[in-house]
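Keep in mind that what you see is a predicted model, and the values were worked out from it rather than measured.
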Amino acid sequence: DSMATTTPAGVLAGDRAWMQKGVLPFLQNDLESAFSGFLASLLLPASAFASEKAITRQNMSRRWLFIASNVENILDLGLDSDLEKLRRHLKSEALEAAEEAGLPDYLKTCRNFPTVGVSQIVAEFLGEALRLDPDELLVYQELFLLFEEHKLDIASLAEAAATRGLLLHPLQRPTVLFELESRPFWELSQLKNDAFWILELEAQWKMIRGELDRALSMSRQAFASVGGEHRTGGRHDGEVLKKGAWSEVVLYGLDPEESRLAEQLFPRTRALLSSLLPTATSMAEEGFGEIIVSRLAPNSHIAPHCAPNNARLTAHLGLVIPKGCRIRVGSEWRGWEEGKVLLFDDSYEHEVVSGAEERVVLLIRFWHPECCGREESYRERDDRAFNW
């Protein structure tokens, strides 16, 4: 554990309690005793820990993060009263803290979270973790997800993370952020080795549009709602639809069954993609990306959100592009053109609005140019980050 802190005088009472009452039973898989011990150790006064040492503030922050990440497990173990004791203890210490008045707004939001229940408890504990160590990226990432889930203003929180050098840009907030060349929108000239397939895709756009028109004439029901049960992955995608309707046909996805319908509706498009973009189709089949035909109904709005990592980029080939539809990536708004590819990094905050008519694009996730030849390494690093 970076959890156990030693000092010249020996292990202090709080650290000893964390180890003996929490970590040891945890290693023996006695989870009820372990979490009861973890919670009890945090009830000790701050003086029981080596609070003057910066390393200890970091360790204490990680303990609160650990508890925040396990609130549901703690409740499942029937430790409700232990959890409430810790919440009361935290609130009493917060009221006594001289710095309370100077807390940034996002920490005040954590301490006065507008939604009751598990999210409220998690927010309180994450807020304490961030107060103790404002340089812990994992805490920011958890709070980004929590604030977005509850439609809370995330701007000041993201600005704080960017100011401390934890984010490249306050509007780029993936769960996993690799050190890669970064910009909201990409141009064809910046992609180097990917230029050939983009040009060929644009040259073949009328064929793709023809298959789309035929599919729509056969049955508009072939397009399933985004986030529906027709997909193994991407179930959460539909949650970002703020209003209207959003549907898709999966050309390449994690489960071969997802693409069965596409084999009938878009056979030539699938063949073209398999020939031009084998790395993108394999990425989709391994669950790291997707290739879909995406329909956005008139007067729809996909709310601002960020993708989970920046190891991939997104291409949109415009198929049906009426006036008034547009996309924001980062702080810039752009529109599509029929037969042209729009390139962007969806790890930046992005949102989409449609006009008075339906918008349809071919959406392709593909590897960031700097990942080429090292795809497996980035995939493994992404998996480890999500399994933290």
Side-chain angles (χ1 to χ4, degrees), residues 169 171-172 174 180-209 211-212 226 234 237 240-241 244 246-252 266 269 272-273 276-277 279-281 283-284 289-298 300-307 309-355 357-371:
H169 191 285
L171 292 176
Q172 187 184 28
L180 299 168
E181 186 178 356
S182 176
R183 61 180 64 86
F185 286 102
W186 286 67
E187 306 302 330
L188 183 62
S189 60
Q190 296 164 333
L191 287 183
K192 301 173 184 176
N193 295 334
D194 289 295
F196 77 96
W197 65 259
I198 293 172
L199 293 172
E200 182 61 21
L201 205 61
E202 291 181 344
Q204 298 287 338
W205 89 274
K206 287 189 177 179
M207 177 275 291
I208 301 170
R209 170 65 185 265
E211 289 198 323
L212 169 66
V226 171
D237 290 354
V240 299
L241 181 65
W246 187 17
S247 59
E248 65 185 3
V249 169
V250 179
L251 301 188
Y252 286 93
F266 296 92
T269 301
L272 175 65
L273 292 169
L276 284 178
L277 283 167
T279 55
T281 57
M283 173 198 279
E290 60 198 341
I291 302 179
I292 63 174
V293 177
S294 172
R295 292 173 62 205
L296 193 62
S300 295
H301 182 195
I302 299 173
H305 63 288
C306 296
N309 70 76
N310 66 326
R312 66 187 195 186
L313 299 179
T314 299
H316 280 184
L317 173 64
L319 297 178
V320 179
I321 308 299
K323 291 182 180 179
C325 57
R326 56 195 183 128
I327 180 171
R328 177 180 65 83
V329 184
S331 58
E332 182 181 356
W333 285 94
R334 290 192 185 183
W336 297 267
E337 293 181 49
E338 291 186 355
K340 296 295 181 181
V341 170
L342 182 70
L343 301 162
F344 63 95
D345 181 343
D346 69 347
S347 69
Y348 281 84
E349 182 180 280
H350 57 288
E351 64 178 313
V352 178
V353 293
S354 63
E357 299 178 64
E358 178 177 83
R359 182 231 63 175
V360 186
V361 298
L362 171 63
L363 179 153
I364 302 169
R365 312 283 190 203
F366 63 100
W367 286 105
H368 187 290
E370 293 181 2
C371 296

Worksheet item: Do you know the tightest heavy-atom contact between Trp246 and Val240?
Response: CZ3-CG2, 3.8 Å

Discussion item. Do Leu313 and Asp194 have side chains that approach each other closer than 4.5 Å (heavy atoms only, starting at C-beta)?
Written reply: no

Discussion item. As an exercise, state the distance from CG of Leu188 to CD1 of Ile198, rounded to the nearest 0.5 Å.
Written reply: 5.0 Å

Worksheet item: Taking it one step at a time, do Leu272 and Leu277 satisfy side chain to side chain contact (heavy atoms under 4.5 Å, CB included)?
Response: CA-CA 8 Å; Leu272 175 65; Leu277 283 167; over 6 Å; no

Worksheet item: Just wondering, do Leu317 and Trp336 contact through their side chains at under 4.5 Å, heavy atoms?
Response: no

Worksheet item: Ion pair present between Glu349 and Arg328, side-chain N to carboxylate O less than 4.0 angstrom?
Response: yes

Worksheet item: Taking Gln172 for the side chain and Ser347 for the main chain, is one N or O donor matched with an acceptor at less than 3.5 Å?
Response: no

Worksheet, complete the sentence: d(Leu180 CG, Cys371 SG) to nearest 0.5 Å is 5.0 Å

Worksheet item: Checking side chain to side chain contact (heavy atoms under 4.5 Å, CB included) for the pair Gln190/Glu181: CA distance, chi angles, key distance, verdict?
Response: CA-CA 10 Å; Gln190 296 164 333; Glu181 186 178 356; 5.6 Å; no

Worksheet item: Looking at side-chain heavy atoms only, is the closest gap between Glu290 and Leu363 below 4.5 Å?
Response: yes

Worksheet item: Ignoring hydrogens and geometry, is there a side-chain-to-backbone donor-acceptor pair from Ser354 to Ala297 under 3.5 Å?
Response: yes

Worksheet item: Angle class for the His368/Trp186 ring planes (parallel below 30°, perpendicular above 60°, tilted otherwise)?
Response: perpendicular

Practice prompt. Given side chain to side chain contact (heavy atoms under 4.5 Å, CB included), test Glu187 with Leu343 step by step and report yes or no.
Written response: CA-CA 7 Å; Glu187 306 302 330; Leu343 301 162; over 6 Å; no

Worksheet item: Checking His350 side chain against His305 main chain: does a donor-acceptor pair fall under 3.5 Å?
Response: yes

Worksheet item: Can you find a heavy atom in the side chain of Leu201 that is under 4.5 Å from one in the side chain of Leu273?
Response: yes

Item to complete: Compare every heavy atom of Tyr348 with every heavy atom of Gly330, then report the nearest pair and how far apart it is.
Response: N-CB, 4.1 Å

Worksheet item: Hey, are the side chains of Ile302 and Glu351 touching, using non-hydrogen atoms and a 4.5 Å cut-off?
Response: no

Worksheet item: Could you state the interatomic distance from CH2 (Trp367) to CE (Met283), rounded to the nearest 0.5 Å?
Response: 4.5 Å

Worksheet item: Do Val320 and Arg295 come within less than 4.5 Å of each other through their side chains, counting heavy atoms only?
Response: no

Worksheet item: Any sub-3.5 Å donor-acceptor pair from Glu202's side-chain atoms to Val341's backbone N or O?
Response: yes

Response to the item:
Rounded to the nearest 0.5 Å, the CG atom of Asp345 sits from the NE2 atom of His169 at a distance of 11.5 Å

Response to the item:
Interatomic distance, NE2@His316 vs CG@Leu319, rounded to 0.5 Å, equals 10.5 Å

Worksheet item: Under 4.5 Å between any side-chain heavy atoms of Phe185 and Leu342, yes or no?
Response: yes

Discussion item. How long is the straight-line distance from CD of Glu332 back to CD1 of Ile327, given to the nearest 0.5 Å?
Written reply: 11.0 Å

Practice prompt. Test side chain to side chain contact (heavy atoms under 4.5 Å, CB included) on Ile321 and Val361 and set out the steps.
Written response: CA-CA 8 Å; Ile321 308 299; Val361 298; 4.0 Å; yes

Practice prompt. Without swapping roles, check the side chain of Thr269 against the backbone of Ile208 for a donor-acceptor pair under 3.5 Å.
Written response: no

Worksheet entry | Close side-chain approach of Leu362 and Trp205, heavy atoms under 4.5 Å | no

Worksheet item: Do the side-chain N and O atoms of Ser294 and Arg359 include a donor-acceptor pair separated by under 3.5 angstrom?
Response: yes

